[in-house]
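Residue numbers start at 1 and run along the sequence shown.
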Amino acid sequence: VCAGTLNGLSVTGDAQHQYQTLHKMYNNCEIVMGNLEIVLIDHTQDLSFLQVSQGHMGGNMVGHTRQADSPHCPQTIREVTGYILIAMNVFASLPLQNLRVIRGTQFYEEKFALFVLLNYNPNTTHALRQLGLNQLTEILAGGVYIEKNAQLCHVDTVEWRDIMRDPRLEPLVRDNGKACAPCHESCSGHCWGPGPEDCQK
C-alpha cells in the first residue's frame, strides 16, 4: 500500500524530478491509497516499475522499455482508491496492465475518476498511443474524461459504461487519435488495442 498525491497539474521541478518522485512513491506498490497522478513524464523515462517490481527487472531500466512478460513477476498497481490523472506525458503506453479497480473516493475536477488529457508533443512524434488498461473492469464512482490525446487509439472502442458503476454519468471521450487500427475480429468491436489479447473483458 502506498499514498497517492493531490497535486493536479501543478508540478515542481523538471521531468527528471517528476520521474524520480513517481518512482520513489510507486515502486513495488499494489494499492494506491489516494490518487495516482502521472504528469509531465518524458518518453525516455521507463515506467515499468508501475507494472513489475524492481527486483524482477534486472538493474536500472531508465531509458529502456521492457514489458512484464514473465507470469512469475509480482505485479504491481492493481487498485487506486481515488482518481487517476494522466496529463501532458509523451510516453507511448501506460504500464498499468494490472489495474483492475478505480474506486473514485476522490474526483478530479469534482466528477472524474479517470482523466486523460494532452498526452502528446505537437513538435515530435512522441505521444501516448495506448492506454493498455486491459484488466480494468470497475470504476466504482466518478466519470471518465479522455480528450486531446492526438495519437491515442482504442479509447472509443472501450465500452466505458460497462466499467463505470454510476449510470448517470456519460463518458467524455473525444478528439483523440484518428488513424487507428480496428479491434481484432474476436473482440466484437470492444478493445483496448489491436490484438486478440486486447479484447475488453
Side-chain angles (χ1 to χ4, degrees), residues 9 11 15 18-19 22 36-52 61-69 77 80 83-100 102 108-109 111-139 142-164 169-201:
L9 297 179
V11 294
Q18 285 297 113
Y19 173 76
L22 205 64
L36 176 59
E37 298 177 315
I38 302 177
V39 178
L40 275 183
I41 300 293
D42 192 25
H43 68 281
T44 59
Q45 309 290 13
D46 174 43
L47 292 175
S48 57
F49 66 86
L50 294 172
Q51 183 183 343
V52 304
M61 298 295 292
V62 174
H64 303 277
T65 54
R66 172 150 165 191
Q67 297 302 316
D69 40 30
I77 298 176
V80 173
Y83 63 74
I84 295 183
L85 169 65
I86 310 292
M88 300 183 294
N89 304 287
V90 291
F91 47 74
S93 65
L94 188 62
L96 291 173
Q97 281 90 336
N98 303 295
L99 180 74
R100 296 174 186 278
I102 303 172
Y108 186 73
E109 292 199 345
K111 59 182 173 183
F112 299 109
L114 177 62
F115 196 93
V116 184
L117 177 71
L118 290 171
N119 290 284
Y120 71 100
N121 183 336
N123 302 317
T124 70
T125 57
H126 299 300
L128 179 63
R129 297 174 186 276
Q130 211 166 311
L131 278 186
L133 299 172
N134 294 32
Q135 302 294 327
L136 180 64
T137 55
E138 289 187 293
I139 296 176
V144 170
Y145 181 100
I146 304 173
E147 186 176 40
K148 294 188 173 71
N149 303 280
Q151 306 291 331
L152 181 58
C153 285
H154 303 106
V155 284
D156 53 358
T157 55
V158 173
E159 188 53 78
W160 293 103
R161 288 178 192 83
D162 285 353
I163 298 174
M164 295 160 53
L169 298 175
E170 283 289 316
L172 293 170
V173 181
R174 58 195 177 206
D175 202 12
N176 297 297
K178 299 287 187 285
C180 297
C183 290
H184 188 268
E185 58 190 15
S186 64
C187 295
S188 305
H190 299 301
C191 67
W192 297 97
E197 71 283 359
D198 295 318
C199 296
Q200 183 177 355
K201 291 179 169 55

CG/Asn98 to CD1/Ile77 distance, rounded to the nearest 0.5 angstrom?
-> 10.0 Å
Val144 and Met164, any side-chain heavy atoms less than 4.5 Å apart = yes
For side chain to side chain contact (heavy atoms under 4.5 Å, CB included), just list the numbers for Tyr145 and Leu114, CA-CA rounded to whole Å, side-chain angles, deciding distance to a tenth of an Å, and then say yes or no.
-> CA-CA 6 Å; Tyr145 181 100; Leu114 177 62; over 6 Å; no
Less than 3.5 Å apart, which donor and acceptor atoms pair up between the side chains of residues 115-124 and the rest of the protein, not counting sequence neighbours?
residue : atom : partner : partner atom : Å
Asn119  : OD1  : Met88   : N            : 3.3
Asn119  : OD1  : Asn89   : N            : 2.9
Asn119  : OD1  : Asn89   : ND2          : 3.0
Asn119  : ND2  : Ile86   : O            : 3.0
Asn119  : ND2  : Leu117  : O            : 3.1
Asn119  : ND2  : Asn149  : OD1          : 2.9
Asn121  : OD1  : Asn123  : N            : 2.8
Thr124  : OG1  : His126  : N            : 3.1

For Leu136 and Ile163, run side chain to side chain contact (heavy atoms under 4.5 Å, CB included): C-alpha distance rounded to whole Å, both residues' side-chain angles, the deciding distance at 0.1 Å, then the answer.
-> CA-CA 8 Å; Leu136 180 64; Ile163 298 174; 4.2 Å; yes
Spatial distance of atom SG (Cys153) from atom CG (Leu131) [nearest 0.5 Å] = 10.5 Å
Stepwise side chain to side chain contact (heavy atoms under 4.5 Å, CB included) test for Leu36 and Leu96 | CA-CA 11 Å; Leu36 176 59; Leu96 291 173; 3.9 Å; yes
On a heavy-atom basis, the closest approach of Gln130 and Leu152 is N-CD1, 3.6 Å
Can you give each donor-acceptor pair under 3.5 Å made by side-chain atoms of residues 183-197, sequence neighbours left out, with the distance rounded to 0.1 Å?
residue : atom : partner : partner atom : Å
His184  : ND1  : Ser186  : N            : 3.1
His184  : ND1  : Ser186  : OG           : 2.8

May I ask you to test the Ile146-Leu172 pair for a side-chain heavy-atom distance under 4.5 Å?
-> no
Between Gln151 and Ala127 the two heavy atoms that sit nearest each other are CG-CB, 3.3 Å
Quick one: closest heavy-atom pair of Gly143 and Leu169, and the distance?
-> N-CD1, 3.5 Å
Does Tyr83 have any side-chain hydrogen bond (donor to acceptor under 3.5 Å, both in side chains) partners at least two apart in sequence or in another chain, and if so, which?
-> Glu37
Which residues satisfy the side chain to side chain contact (heavy atoms under 4.5 Å, CB included) test with Arg100, sequence neighbours excluded?
-> Gln135
Main-chain N/O of Val155 paired with Asn176 side-chain donor or acceptor, under 3.5 Å = no
Flag side-chain contact, heavy atom, 4.5 Å: Ile84 against Leu99 = yes
Could you give all pairs that pass the salt bridge (charged side-chain N to carboxylate O under 4.0 Å, His left out) test and reach residues 148-164, with sequence neighbours left out?
-> Glu159-Arg161, Arg161-Glu170
Sequence neighbours left out, what pairs pass salt bridge (charged side-chain N to carboxylate O under 4.0 Å, His left out) with at least one residue falling in residues 172-182?
-> Glu147-Arg174, Asp175-Lys178
Taking every non-hydrogen atom, the tightest pair across Arg129 and Thr125 = NH2-O, 2.6 Å
